[in-house]
Amino acid sequence: MWLGAGLLVALAAGAATAGWWLLAGVVLAGLLAWLQARHTASSVPPGAQWLLDGARSAARLAGVPLFAAAFAVYLVPRYSALVAACVVLVVTAVDAAGFTLPRPARGWLLGLLLAAAAGLVAACLAIPPAPTVGGTPGFTGAFAAGAVFFPLLARRREGGNEALAKIWWLAGSVAVTLAVCAGALYQIGGVRLGLSRVPVRDLVAAVDGQVIESLLTCAVVIATLPAALDALARARTGFSWRPVASMACGAVAVVGAVLLGPVEALLLAAALALAEVVVASLLTLSARRRDIRAVISLVLALVLLARIPGGHLLLAVVLAAVSAVIRKSARPR
C-alpha cells in the first residue's frame with residue numbers, strides 16, 4: 001500500500017532531481033531496503049531498544065501526512081491542506097475505534113493497484129511519446145531519487161522468519177516501481193514529470209486516458225486511505241492504550257498535513273526512514289563490531305541522507321529524538 005500511494009508523489013520528486021537516473025535511484029533504495037530487512041531485534045542491545053523504537057515510530061507516522069496530502073492534491077487540489085487534515089482526522093477516528101483492514105481486503109486492494117499499474121505502463125508503451133525538452137541531470141541525482149523512494153520500499157513488518165518471502169516481495173516491489181517509472185519517463189520525459197504536481201494524472205492525460213480518469217480517482221482512494229491507516233497503526237504500536245495513542249499520533253499528523261505539501265512530506269518521510277536505518281546500524285555495530293551489512297547500510301543511508309534538504313533533516317532529528325524520549329518513558333518499569 002505504501003508503494004502504491006507514495007508513487008503518486010515520488011514520481012515527480014525523483015524525476016525532478018534525477019531524470020532517467022531515477023531508475024538507478026530505485027535500485028539503490030531497493031538495495032538499502034534489503035539490507036535493512038536483515039536487521040533483527042536480537043542485534044540491538046536491549047537497553048537501547050527504545051532508541052530504535054522511537055526512530056521507527058517517527059518514520060511510520062510520517063507516512064500519514066504524506067498519504068493524506070497525496071489524496072488531497074489529486075482529488076481536491078483547491079483545498080488540499082484542509083482536505084488532508086480531514087483525511088488524517090478520519091483515519092485517526094477509524095484507528096482509535098479499533099478498525100483494522102482485514103488481510104483478504106488488503107490482498108484485493110493490492111491486486112487492483114497492480115492491475116492499474118500494469119494498465120498504465122501498457123498505455124505508456126503503446127502510444128508514441130511527445131517530444132521531450134531539457135537536459136539530463138547528472139548521475140548524482142540517483143542518490144536523491146534513492147532517498148525519496150526508500151521509505152516506499154522499506155519493509156515495515158518487524159520480526160518473522162520468512163526471509164525468502166521478504167526477498168521476493170521486495171524484488172517484486174522494485175520491479176513494479178522500475179516499470180512504472182520507466183513508462184512515465186518514456187511517455188512524458190523527466191522535465192515534464194519533475195514539474196508536475198500530480199504526475200500520474202498528467203501521465204493519464206498524456207496517453208489520452210480520459211476514459212480511465214474516474215478509475216484513477218478510485219486508485220488514489222484505495223491506495224492512500226489504507227496506507228494512511230496502516231502508517232498510523234504502526235506508529236502507535238507498542239503503546240498500552242490504543243485510543244489515546246491513536247489520537248496523540250493523529251494530532252501530530254494533522255499538523256504535518258496542514259503545514260507540508262506532498263513533496264515536503266515525502267522528503268520528511270525519507271529523512272526519518274533513513275534516520276531509522278542509521279540508528280539501527282549504529283546499535284547493531286555497538287553490539288557486534290564486525291557486521292558488514294550494518295556498515296554498508298550505515299554508509300549508504302548517510303550518502304542518501306546527504307541529498308535531503310537541511311531543514312527536513314533538522315526536523316527529522318527533532319521528531320525522532322522526541323519520539324525516542326516518549327518511547328523510553330512509556331516502557332514498563
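Along the sequence shown, the residues carry numbers beginning at 1.
At least one donor-acceptor pair under 3.5 Å links the side chain of Ser297 to the backbone N or O of Arg293. No donor-acceptor pair closer than 3.5 Å links the side chain of Gln36 to the backbone N or O of Ala280. Within the 3.5 Å criterion, the main-chain N or O of Leu283 finds a donor-acceptor partner in the side chain of Ser286. Thr17 contributes a side-chain N or O that, together with a main-chain N or O of Gly14, makes up a donor-acceptor pair within less than 3.5 Å. No donor-acceptor distance shorter than 3.5 angstrom exists from the side chain of Ser80 to the backbone of Val73, with no hydrogens or angles considered. Judged by distance alone, with hydrogens and angles left aside, the side-chain atoms of Ser329 form a donor-acceptor pair with the main-chain N or O of Ile326 at under 3.5 Å. No donor-acceptor pair closer than 3.5 Å links the side chain of Ser196 to the backbone N or O of Arg192. For the pair Tyr74 (side chain) and Val200 (backbone), a donor-acceptor distance under 3.5 Å is present.
In this structure, Arg327 forms a cation-pi arrangement with Phe239, its terminal cationic atom sitting closer than 6.0 Å to the ring centre and no more than 45° off the ring axis.
With salt bridges taken as basic N to acidic carboxylate O contacts below 4.0 Å, one links Asp95 and Arg236.
With sequence neighbours excluded, the residues that form a side chain to side chain contact (heavy atoms under 4.5 Å, CB included) with Val174 are Val26, Leu153, Leu170, Leu178.
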Verdict with supporting geometry, Cys181 and Leu11, side-chain contact (heavy atoms from CB on, under 4.5 Å): CA-CA 7 Å; Cys181 292; Leu11 273 175; 3.7 Å; yes

Criterion side-chain contact (heavy atoms from CB on, under 4.5 Å) on Phe143 and Trp21, from CA distance to verdict: CA-CA 9 Å; Phe143 298 106; Trp21 286 104; over 6 Å; no

Stepwise side-chain contact (heavy atoms from CB on, under 4.5 Å) test for Leu203 and Cys124: CA-CA 8 Å; Leu203 189 58; Cys124 290; 3.7 Å; yes

Verdict with reasoning, Phe99 to Leu101, per side-chain contact (heavy atoms from CB on, under 4.5 Å): CA-CA 7 Å; Phe99 176 80; Leu101 196 64; 4.3 Å; yes

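Leu282 and Ile296 fall within a single hydrophobic cluster, where Ile, Leu, Val, Met, Phe, Trp and Tyr are joined by side-chain heavy atoms under 4.5 Å apart, directly or via other members. Following chains of ILVMFWY side-chain contacts shorter than 4.5 Å, one can reach Leu300 starting from Leu302, so the two form part of one hydrophobic cluster. A continuous path of hydrophobic side-chain contacts links Val94 to Val221 [ILVMFWY only; heavy atoms under 4.5 Å]. At a threshold of 4.5 Å between side-chain heavy atoms, the hydrophobic network of Ile, Leu, Val, Met, Phe, Trp and Tyr places Leu3 and Trp108 in two separate groups. If you chain together hydrophobic residues whose side chains sit under 4.5 Å apart, Leu61 and Leu319 never meet in one group.
Rounding to the nearest 0.5 Å places CG of Leu304 at 8.5 Å from CZ of Phe150. The CG atom of Leu266 sits 11.0 Å away from atom CG of Leu8, with the distance rounded to the nearest 0.5 Å. Rounding to the nearest 0.5 Å places CG of Leu272 at 7.5 Å from CG of Leu315. One distance of note links CG of Leu215 with CG of Leu120; it measures 11.5 Å at 0.5 Å rounding. Going from atom CG of Leu268 over to atom CD1 of Ile308 covers 9.5 Å, rounded to the nearest 0.5 Å. Remark: Arg201 CZ to Leu216 CG distance equals 5.0 Å, nearest 0.5 Å.
Closest approach of Ala29 and Gly146 over heavy atoms only: CB-O, 3.4 Å. Between Ala69 and Gly261, the shortest heavy-atom contact is CB-C, 4.3 Å. Minimum heavy-atom separation, Ala227 to Ala5: CB-CB, 3.9 Å. When every heavy atom of Leu22 is checked against every heavy atom of Ala15, the shortest pair comes out as CD2-N, 4.3 Å. Looking at every heavy atom in both residues, Leu66 comes nearest to Ala265 through CA-CB, 3.7 Å. Nearest heavy-atom pair across Ala85 and Val258 is CB-CG2, 3.8 Å.
By the 4.5 Å heavy-atom criterion applied to side chains, Glu276 and Arg60 are counted as neighbours. Inter-residue side-chain proximity for Leu75 and Val83 is flagged as unmet; no heavy-atom pair is nearer than 4.5 Å. Asp202 has its side chain out of reach of Arg197: every pair of non-hydrogen atoms, C-beta onward, lies at least 4.5 Å apart. Pro309 has its side chain within reach of Leu267: a pair of non-hydrogen atoms, C-beta onward, lies under 4.5 Å apart. Taking 4.5 Å as the limit, every side-chain heavy atom of Leu229 sits out of range of all side-chain heavy atoms of Phe67.
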